[in-house]
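Okay, so here's the structure we're looking at.
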Protein chains: 2
Amino acid sequence: MGNETGTGTRDLLIETARDLFLLQGYGATGVAEIVRVAGVRPGSLYYFFPTKEDLLIAVLEWYRDNIYEGLLQPVYERIDDPLERVFGILDGYRQMLLLTAYDQGCPIGNLALEVTNSHPRVRELLKENFVQWTDEVARNLTLAAGRLPAEIDIPGLSEYILSVMEGAIMLARTYRTIDPYDNAIAHLRDYVDRMVEDGTNWAKPSRFRHASDGEKTL
Amino acid sequence: MGNETGTGTRDLLIETARDLFLLQGYGATGVAEIVRVAGVRPGSLYYFFPTKEDLLIAVLEWYRDNIYEGLLQPVYERIDDPLERVFGILDGYRQMLLLTAYDQGCPIGNLALEVTNSHPRVRELLKENFVQWTDEVARNLTLAAGRLPAEIDIPGLSEYILSVMEGAIMLARTYRTIDPYDNAIAHLRDYVDRMVEDGTNWAKPSRFRHASDGEKTL
DNA sequence: GTCTATACAACGATAGAC
DNA sequence: GTCTATCGTTGTATAGAC
């Protein structure tokens, strides 16, 4: 096909590299393989991306710019409750693990551990992706703030949720079973439930506590 | 130097590879670099390890066989309380992040995400290392069982703690700041505190709850 | 913007003398 | 068990015609 700007080829290369990086990692994916799978010649790739790292940067920018379509929208279509939307996002990663037989985890998490000692711009984009994720979770938690304790540190809790998810994916992929992921999310749910039921929370060495029972069908 | 069994060279190669894999990853570390840093010739390396992957396996076996000396002993020397020993282990990773300026995370976690789609024996050893870690945490939690709710699922909680730690290391290394790690451990502490103070826990959809106050200076 | 052809270094691994 | 020398492949990246 080919259009006047060559955008089609550029996007094709980004999407091909994205998929291969996700499956095999950045270092294990060769430029030759990318152009072969994309059906493009090396000259075209290096026309758009002077180095392989520039292609990685474009992939990370793609993830950053497509979080809604790829991650949030499918969940938000099914779920309205903001707190359940957070757990819906987590369930999305669970489905990915099952569908790919643990071959694919979190794209950003994989790259984070592999290339974090790399070029500054890459780390910057990894951070941007993580921050975008936690900001979205925080937005949902804010919408659910009525059910959560007033003094809750929503950004901190959001970041904690990301930590749990990334670690749980790591274990599930290593064990080749969903159990560690389900276990981790169940504990996370238990933790949030305690906050909801409790009216207290926060991880700082706060030790103020008061009984306040009550059933909750979160 | 050189002894009759060549064990010295073998161990030297394992330790050199271990350090380089930790700093740069498995794929990014070349065999040529390993032998150069170790001051050994390629012929010697391939005498002991037919392939690079065999060397990786030896490194993972090293971690498995040295968890006490490298990880537990320094903590257990300072801390006696079993529950605090768990948080002491977590603090060890915190010190490593700070001392290496976020260049080094968890050796097993790094390799887990990088080579988990690799040879079965490698994944098996990654799992052995994780299980050994969670078993040790579970042992400590069992010793502290008097303070924890009776119905607690100790293996599940131990695995959850590992998930939190691995994810938190990932974020701290990406952000190049200790904040995400401290935030995650603080939330974990809060969660455990709630169990200790509460007398209830467990992440299954159990919703039985009963008040039981009491101060606790964990 | 895309093509063919290829440069040049690094890769894992091996051969064979000692 | 260790040495030197090197094989064959793949890696990223480039040159220059079209």
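In what follows, every heavy atom counts, from backbone to side chain, and hydrogens, waters and symmetry copies are set aside. The sequence lines fix the lettering, A, B, ..., with proteins before strands; numbering per chain opens at 1. All values derive from a computational prediction rather than experimental measurement.
In this structure, the side chain of N129(A) engages the main chain of R64(A) through a donor-acceptor pair within 3.5 Å. Of the possible donor and acceptor atoms, none in the side chain of Y63(A) sits under 3.5 Å from a partner among the backbone N and O of L126(A).
Between Y47(A) and dT2(C) there is no side-chain N or O to OP1 or OP2 distance below 4.0 Å. Taking 4.0 angstrom as the limit, T9(B) places a side-chain polar atom (N or O) nearer than this to OP1 or OP2 of dT2(D).
Applying the salt bridge (Lys or Arg N to Asp or Glu O under 4.0 Å) rule to E114(A) yields no partners; only residues at least two apart in sequence or on another chain are considered.
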Would you list the protein and nucleotides 8-11 of chain D atom pairs, both N or O, that sit under 3.5 Å from each other?
none

Between the protein and nucleotides 14-18 of chain C, list every N/O to N/O distance that falls short of 3.5 Å.
none

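For residues 28-57 of chain B, there are no salt bridge (Lys or Arg N to Asp or Glu O under 4.0 Å) pairs, not counting sequence neighbours. Within the structure, ring-ring contact (aromatic ring centres under 6.0 Å, His included) pairs that include any residue of residues 9-35 of chain B comprise F21(B)-Y26(B) (at least two apart or interchain). Residue pairs meeting the side chain to side chain donor-acceptor pair (under 3.5 Å) criterion with at least one partner in residues 155-164 of chain B, sequence neighbours excluded, are Y160(A)-Y160(B).
Between the side chains of N110(B) and R173(B), at least one donor-acceptor pair of N or O atoms lies under 3.5 Å. D190(A) and Y191(B) share a donor-acceptor pair across their side chains, judged by distance under 3.5 Å alone.
One can place CG of L45(A) at 12 Å from P of dT14(D), the figure rounded to the nearest angstrom. Taking atom CZ of F49(A) as the reference point, atom P of dT14(D) lies 15 Å away to the nearest angstrom. Per the geometry, CD belonging to E53(A) stands 14 Å off C1' belonging to dA13(D), to the nearest Å.
Candidate nucleotides dG1(D), dC3(C), dT4(D) were compared by shortest atom distance to the side chain of F48(B), and dG1(D) ranks first. Of the candidates dC3(D), dC3(C), dT2(D), dC3(D) carries the atom nearest the R41(B) side chain, counting heavy atoms from C-beta on.
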